[in-house]
Amino acid sequence: MLHVAGNHFVDVQGRDTRLFPMHFGTGEYTCVEPVYDASRREGVFSGPTTTTPLAPMRAWHANAVRISLNEQCWLGVNPVRRGVPPGYGIAPITGAAARRAGARLGARYRSAVRTVVARAHRAGLAVVFDLHWSAAGDAIAHAQWQLPDRQYSIPFWRSVARMFRSDRSVMFELFNEPTRIPASALSWRCVRDGCRLPNACADCDDSITTNTAGCGRRCPTPRRPRGSYRTAGTQELVDAVRATGARQPILVPGRFYDNDLGRWLQYRPTDPLGQIAATFHVYENLPCANEACWTRAVAPVAARVPVVATEFGATMAGQTEPCPGVARFDVRFMRWADAHGVSYGGFRWTADFFHFPAPQCSYDLLAAYDGTPRYGQGRAIHDHMVRVAPALR
């Protein structure tokens, strides 16, 4: 039950604390398979969702779990036709069959999310909801779009906030990673107030179209998807959450994979409750990936509002086991964050997902769901948090 007070989170007993959320993903993609991975058909989440695999987060001294969501699955729109072989694309169901399938999808998806939230709380964890995948119009939310959209993102947050408005142990992370390439193509005003953008995902494979039929069909002009969409600015999303009566903290991203907080303070949305925090993502291959940039661009924001690095990690490309660079980068960032009061959490609480280019050089934090850390990033984050986090709460 944390709330924002100045540039700190404060717990129910009035003590300054930080947020340490472990990223429990897969809720964004499993519902739109097989476009992502046809082998993973385990329901709404890929991987175990009982209290047992969540409880070990506490042994790592995490105090929250970040749950990634798909807006179309939550709302039950644009349901996907199952059984399409990998590599052949996906097809939306249409007409009356789509309405029935969408209603079933939305009900099943929301029920599964409620169940995981209850299990997280029983394990002693707060919850951060993250809008990870979205798409406007008839496009299927199969990937990360550039910005949230007015058509679905506003109803999504209104619905999520209404459902959990009485649960003071949840927070709302408005959008995962606002992105256009180059970074200058996405203005700060657009992030806050909305604008019109091409109806395309932010980081799809260039050989795949992102037209209204969904990603997956080969296209002679892959960089020219059909149409455009009106984005939802962070101010509109804050307003949608607050209109439900929800009073929990809202986490607001920056630009360019959430790695740019340069003008975040100038363009942060207004919240009548003053419960706004910033998110920050840092990977070794992104522009702001060293202490000088963090001190220049992130520290001024952290001096005014809480900052939460909901994702961070080293570059895996070219790493060979035992991945010495992984631990070095992760520890460098966590030490800097500790010194500047920045919250952070591990990406990603999985044991069988990011196995590239070698099994131990992986974004998977776990060797097993009993909490055993995987060599490399998992071990680095585990050892640092176990040693340091309790003293910094």
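All values derive from a computational prediction rather than experimental measurement.
The side-chain heavy atoms of Tyr344 and Ile381, taken from C-beta on, include no pair separated by under 4.5 Å. The shortest side-chain heavy-atom distance between Phe45 and Val113 falls under the 4.5 Å cut-off. No side-chain heavy atom of Trp294 sits less than 4.5 Å from a side-chain heavy atom of Val342. Looking only at side-chain heavy atoms (C-beta outward), Trp133 and Trp145 stay at 4.5 Å or farther from each other. Residues Thr350 and Leu366 have side chains not in contact (no heavy-atom distance under 4.5 Å, counting atoms from C-beta outward). Residues Pro21 and Val65 have side chains not in contact (no heavy-atom distance under 4.5 Å, counting atoms from C-beta outward). With contacts defined as side-chain heavy-atom distances shorter than 4.5 Å, the pair Arg15/Val10 does not qualify. Side chains of Met334 and Val388 form no contact here, defined as non-hydrogen atoms less than 4.5 Å apart.
For Leu125 against Met57, the heavy-atom pair with the smallest separation is CD1-SD, 3.7 Å. Between Thr295 and Pro300 the shortest heavy-atom distance is O-CD, 3.5 Å. Contact between Ala303 and Asn7 at its shortest, heavy atoms only, is O-ND2, 3.6 Å. Pairing each heavy atom of Ala136 with each of Asn199, the nearest pair is O-ND2, 3.6 Å. Here the closest non-hydrogen pair linking Ala240 and Ile154 is CB-CG2, 4.0 Å. Pairing each heavy atom of Ala351 with each of Tyr369, the nearest pair is N-OH, 3.4 Å.
When each of Asn176, Ile67, Asn70, Leu69 is checked for a side-chain contact (heavy atoms from CB on, under 4.5 Å) with His132, only Asn176 meets the rule. When Arg379, Arg335, His61 are each tested for a side-chain contact (heavy atoms from CB on, under 4.5 Å) with His384, only one passes: Arg335.
Taking the six-membered ring for Trp and thresholds of 30 and 60 degrees, Tyr363 and Tyr283 have ring planes more than 60 degrees apart, a perpendicular arrangement. Using cut-offs of 30° and 60° on the angle between ring planes, the pair Phe333 and Phe280 is tilted. In this structure, His23 and Phe347 have tilted ring planes: the angle between them lies in the 30° to 60° band.
A donor-acceptor pair is defined here as one N or O able to donate and one able to accept, closer than 3.5 Å; no such pair exists between the side chain of Tyr229 and the backbone of Gln151. Between the side chain of Arg263 and the backbone N or O of Trp188 there is no donor-acceptor pair closer than 3.5 Å. Checking side-chain atoms of Asp16 against main-chain N and O of His8 turns up no donor-acceptor pair under 3.5 Å. A donor-acceptor contact shorter than 3.5 Å is absent between the side chain of Ser153 and the backbone of Ala232. At least one donor-acceptor pair under 3.5 Å links the side chain of Arg58 to the backbone N or O of Ala62. Judged purely by atom type and a 3.5 angstrom limit, Thr115 uses its side chain to pair as donor or acceptor with the backbone of Ser111. Of the possible donor and acceptor atoms, one in the side chain of Tyr152 sits under 3.5 Å from a partner among the backbone N and O of Gly137. Between the Gln275 side chain and the His3 main chain, no donor and acceptor come within less than 3.5 Å of each other.
Within a 6.0 Å sphere centred on CZ of Arg119, other residues, nucleotides and ligands contribute more than 12 heavy atoms.
Residues His382 and Trp60 bring their aromatic ring centres within 6.0 Å.
Counting only N and O atoms by type, the side chains of Asp130 and Ser68 include a donor and acceptor under 3.5 Å apart. In the model, Thr179 has no side-chain atom that pairs as donor or acceptor with a side-chain atom of Gln146 under 3.5 Å. Of the N and O atoms on the side chains of Arg196 and Ser228, at least one donor lies less than 3.5 Å from an acceptor on the other residue. Counting only N and O atoms by type, the side chains of Arg192 and Gln235 include no donor and acceptor under 3.5 Å apart. A side-chain N or O of Asp258 and one of Thr279 form a donor-acceptor pair less than 3.5 Å apart. Gln144 and Glu177 share a side-chain donor-acceptor pair at under 3.5 Å. A donor-acceptor contact under 3.5 angstrom links the side chains of Glu173 and Thr310, judged on distance only.
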What's the verdict on side-chain contact (heavy atoms from CB on, under 4.5 Å) for Phe20 and Met385, showing C-alpha distance, side-chain angles and the deciding distance? CA-CA 9 Å; Phe20 295 95; Met385 290 185 63; 3.7 Å; yes
Does the side-chain contact (heavy atoms from CB on, under 4.5 Å) test come out yes or no for Asp11 and Asn63, once each step is laid out? CA-CA 11 Å; Asp11 67 18; Asn63 57 9; over 6 Å; no
Checking His340 against Val298 for the side-chain contact (heavy atoms from CB on, under 4.5 Å) test, could you report, in this order, the C-alpha distance in whole Å, the side-chain angles of both residues, the deciding distance, and whether it holds? CA-CA 9 Å; His340 292 81; Val298 182; over 6 Å; no
Please report the C-alpha distance between Cys31 and Leu105 in whole Å, then the side-chain angles of each, then the deciding distance to 0.1 Å, and finally whether the side-chain contact (heavy atoms from CB on, under 4.5 Å) criterion is met. CA-CA 8 Å; Cys31 60; Leu105 169 65; 4.3 Å; yes
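For Glu311 and Arg66, the salt-bridge test passes: some basic side-chain N is under 4.0 Å from an acidic carboxylate O. No salt bridge links Arg242 with Glu236; every basic N to acidic carboxylate O contact stays at or beyond 4.0 Å. The residues Asp149 and Arg230 are annotated as not salt-bridged, no charged nitrogen and carboxylate oxygen being separated by less than 4.0 angstrom.
Expressed to the nearest 0.5 Å, how far OG of Ser169 lies from CD of Gln248 amounts to 9.0 Å. How far CH2 of Trp349 is from CZ of Phe24: 10.0 Å, rounded to the nearest 0.5 Å. Atom CZ of residue Arg180 and atom CZ of residue Arg255 lie 12.0 Å apart, to the nearest 0.5 angstrom. Atom CD of Gln13 is separated from atom CE of Met1 by 11.0 Å, given to the nearest 0.5 angstrom. In this structure, OG in Ser343 is found 10.0 Å from CG in Asp338, a value given to the nearest 0.5 Å. The CD atom of Glu28 lies 10.5 Å from the CG atom of Leu131; values are rounded to the nearest 0.5 Å.
Under the 4.5 angstrom side-chain criterion for Ile, Leu, Val, Met, Phe, Trp and Tyr, the cluster partners of Met171 are Leu2, Val4, Phe9, Leu19, Val128, Leu251, Val308.
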Give the table of side-chain donor-acceptor pairs shorter than 3.5 Å for residues 157-164, with sequence neighbours excluded, one pair per line with atom names and distance.
from, atom 1, to, atom 2, distance (Å)
Trp157, NE1, Leu174, O, 3.1
Ser159, OG, Trp74, NE1, 2.8

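Grouping the Ile, Leu, Val, Met, Phe, Trp and Tyr side chains by contacts below 4.5 angstrom, directly or via other members, places Val241 apart from Leu273. Put simply, Val238 and Leu265 are part of the same group of oily side chains (I, L, V, M, F, W, Y) that touch within less than 4.5 Å, one to the next.
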